[in-house]
Asks: 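Supplied in structure tokens, the structure appears directly below.
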Number of protein chains: 2
Amino acid sequence: MGLRDRKKQQTRSALTAAALRLADERGLDHVTVEEISAAADVSSRTFFNYFATKDDAILGEPVIDNETVCRRLLELPRDVPIVDAVLTVFEPAIEVMQADRELWLLRMRVIKDNPSLLLALFTQGAAKEQEFIAAIAARVGLTPADTFPQLASVVTGSAFRIAMMRWATAGPDDQLADFVRESFRMVATGLADPTTKGT
Amino acid sequence: MGLRDRKKQQTRSALTAAALRLADERGLDHVTVEEISAAADVSSRTFFNYFATKDDAILGEPVIDNETVCRRLLELPRDVPIVDAVLTVFEPAIEVMQADRELWLLRMRVIKDNPSLLLALFTQGAAKEQEFIAAIAARVGLTPADTFPQLASVVTGSAFRIAMMRWATAGPDDQLADFVRESFRMVATGLADPTTKGT
DNA sequence: GTAAAACTTTCAGGCACTGCAAACTTTTAT
DNA sequence: ATAAAAGTTTGCAGTGCCTGAAAGTTTTAC
């Protein structure tokens, strides 16, 4: 990787860092793209060379590329239940996020305080969601137009996001992986009342 | 209801109708608020007296008020599983939508063609979602900060939206209620593989 | 009929975001 | 080393969403 690409990477993370810091201090609505750009020492036009929207600078790049996730999903044995399978293929992403804990906690805090970002979080990777749905469909021998793959995709995604939110408000020793497992288990049990689980 | 309120209602639906028609014809990005307002014979500033954003004009008002839903949810016996309970309290909304089938199919078509609206659909009523989460929490004796109520809220919401999408692409004799029941049953079975259901 | 209340419009302006073309920087080829 | 090529940053002009304030219009209440 040449000098040019290193610089680009640097600028990109400088922009995200500035966006997160400023949004955390004042709320995203009271931070302009111009201010973020100035804090990262670039023009505001350059900001938009890196991110399509102001929100995107907060969200950063996807943790893992969708293609890898889908490939691994198809490699798993067919008799693994879909919830377990998705949990398995998400594991690398979980590790990456856990390793970057500080960054992610800040990010989640900002997201929580900004409803518009909450939406964005729900669609982060939604562009690629079709591929994910197709992978699930292939696993069970259905088509992407069927209900099951669509539902499995959006429900597992939702469970993951809830786990992220819980992690963000938890203590410093809590592991994201545990929250994700908790959410996924609840989904796998069909949202059975957890308080009567023991009967 | 006086003349004034009747007029307001009229203007509101004229705006939604114009927004839907134009967005369906050209795509939402190629329709300006000014055009929508002109089609409904009001100024564009008035548009924003009715809807906070352009997207909101497409989405229209929530079908049922959240308060009613939450109240009915708490009235149901505690031993009804949460998925069934939510399905029950959503039923009035389903009927209203089924009655307005034409409008909703158009709306769903527009939403499908506009990724940004897809997000909005996922947050429609998210402002009120806290109340819904609290109602679920109360049902099972947990707090809104616990995982279960948050997960149950977002998962049932997701299932409902998937059902809407399926309905929108289905034949003219298909009932929304059937798609919702299908989705909810899949959730209740923990996303078990539907192709091996019979074993 | 008149005054108050509610609603609409016009106006001025902020900010996100885009296309374009000019300037600049890094890389490549010679 | 140098010049061309390729890629990046920037300023500029412009569109469109959305907002606050003030002035104008319609509806309601008495």
Side-chain angles (χ1 to χ4, degrees), chain A residues 1-16 18-20 22-23 25-61 110-111 114-120 123-124 127, chain B residues 1-16 18-20 22-23 25-61 110-111 114-120 123-124 127:
Chain A
M1 182 187 278
L3 167 68
R4 211 214 233 40
D5 300 85
R6 228 173 310 130
K7 259 189 157 175
K8 278 190 77 171
Q9 200 53 44
Q10 218 173 311
T11 301
R12 177 176 276 272
S13 43
L15 282 170
T16 298
L20 281 173
L22 293 170
E25 286 169 11
R26 318 181 207 161
L28 188 57
D29 297 350
H30 302 102
V31 178
T32 67
V33 168
E34 200 160 0
E35 288 168 324
I36 297 170
S37 311
D41 267 309
V42 293
S43 75
S44 48
R45 188 62 185 83
T46 296
F47 177 97
F48 288 109
N49 287 342
Y50 282 86
F51 300 103
T53 68
K54 187 166 73 162
D55 290 1
D56 284 347
I58 299 287
L59 298 175
E61 315 164 74
V110 172
I111 289 173
N114 290 86
S116 72
L117 286 174
L118 247 178
L119 304 186
T123 36
Q124 192 189 27
Chain B
M1 182 188 281
L3 167 66
R4 170 120 85 220
D5 300 85
R6 229 174 308 129
K7 260 188 158 176
K8 278 189 75 172
Q9 200 53 45
Q10 217 173 311
T11 301
R12 178 176 275 272
S13 43
L15 282 170
T16 298
L20 282 171
L22 292 171
E25 285 170 11
R26 319 180 207 161
L28 188 57
D29 297 349
H30 301 102
V31 179
T32 68
V33 169
E34 200 160 358
E35 288 168 325
I36 297 170
S37 310
D41 266 308
V42 293
S43 76
S44 47
R45 187 63 183 82
T46 295
F47 176 98
F48 288 110
N49 288 341
Y50 282 86
F51 300 104
T53 67
K54 186 167 74 163
D55 290 1
D56 283 347
I58 299 287
L59 297 176
E61 316 164 76
V110 172
I111 289 172
N114 289 86
S116 72
L117 286 174
L118 246 177
L119 303 187
T123 37
Q124 193 189 27

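To find a chain, count down the sequence lines: A is the first, B the second, and so on, and within it residues start at 1.
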Asks: Rounded to the nearest Å, what distance is computed from the CG atom of residue A/D55 to the P atom of nucleotide C/dA16?
Replies: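 Taking CG of A/D55 and P of C/dA16, I get 10 Å after rounding.
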Asks: Have a look at B/Q9 and tell me which of B/K7, B/R12, B/R6 forms a side chain to side chain contact (heavy atoms under 4.5 Å, CB included) with it.
Replies: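 Result: among B/K7, B/R12, B/R6, B/R12 is the only option passing the side chain to side chain contact (heavy atoms under 4.5 Å, CB included) with B/Q9.
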Asks: Between P on D/dT10 and CG on A/L15, what's the gap in Å once rounded to a whole number?
Replies: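 Spelled out: CG on A/L15 to P on D/dT10 is 10 Å.
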Asks: Starting at atom CZ of A/R6, determine the distance to atom C1' of D/dT8, rounded to an integer number of angstrom.
Replies: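 Distance, rounded to whole Å: 16 Å.
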Asks: If I take atom CG in residue A/N49 and atom C1' in nucleotide C/dT18, what distance separates them, rounded to the nearest angstrom?
Replies: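 In whole Å, C/dT18 C1' lies 11 Å from A/N49 CG.
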Asks: Let's see if you can work this out: which of C/dC17, D/dT9, D/dC17 has an atom nearest to the side-chain heavy atoms of A/T53?
Replies: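 The closest nucleotide is C/dC17.
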Asks: How long is the line joining NZ of A/K54 and P of C/dG14, in whole Å?
Replies: 16 Å
Asks: Between D/dC17, D/dT9, C/dA16, which nucleotide gets closest to the side-chain atoms of B/F48?
Replies: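 It is D/dC17.
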Asks: How many Å lie between CZ on A/R45 and C1' on C/dG19, as a whole number?
Replies: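 Computing the A/R45:CZ to C/dG19:C1' distance gives 7 Å.
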Asks: With a 4.0 Å heavy-atom cut-off, tell me which residues in residues 30-43 of chain A come close to DNA chain D, sorted by residue number.
Replies: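 Contacting residues: A/V42, A/S43.
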Asks: Looking at every non-hydrogen atom in both residues, tell me the closest pair between A/A23 and A/I58 and how far apart they are.
Replies: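 Where A/A23 meets A/I58 most closely, the heavy atoms are CB-CD1, 4.0 Å.
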Asks: With sugar-phosphate meaning primed atoms plus P, OP1 and OP2, does A/Y50 contact a base, only sugar-phosphate, or nothing at under 4.0 Å between heavy atoms?
Replies: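 Sugar-phosphate: the residue A/Y50, judged by heavy atoms under 4.0 Å, touches backbone atoms but no base.
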Asks: Are A/S43 and A/T46 linked by a side-chain donor-acceptor pair shorter than 3.5 Å?
Replies: yes
Asks: List the steps and the verdict of side chain to side chain contact (heavy atoms under 4.5 Å, CB included) for A/R26 and A/E35.
Replies: CA-CA 12 Å; A/R26 318 181 207 161; A/E35 288 168 324; 3.1 Å; yes
Asks: Given side chains that start at C-beta, do those of A/I36 and A/T32 come closer than 4.5 Å, heavy atoms only?
Replies: no
Asks: Round to the nearest Å and state the distance from A/L22 atom CG to C/dC15 atom C1'.
Replies: 16 Å
Asks: Could you report the tightest heavy-atom contact between B/F47 and B/T53, atom names first, then the distance?
Replies: CE2-O, 3.8 Å
Asks: In Å and rounded to the nearest 0.5 Å, what is the OG to CG distance from A/S116 to A/D55?
Replies: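 So the OG of A/S116 and the CG of A/D55 are separated by 4.5 Å.
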Asks: Would you please confirm or rule out a distance under 4.0 Å between OP1 or OP2 of C/dT26 and any side-chain N or O of A/K7?
Replies: yes
Asks: Specify the separation, in whole Å, of atom CZ of A/F47 and atom C1' of C/dT18.
Replies: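 Taking CZ of A/F47 and C1' of C/dT18, I get 14 Å after rounding.
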Asks: Using a cut-off of less than 4.0 Å, is there contact between a side-chain N or O of B/K8 and OP1 or OP2 of C/dC7?
Replies: yes
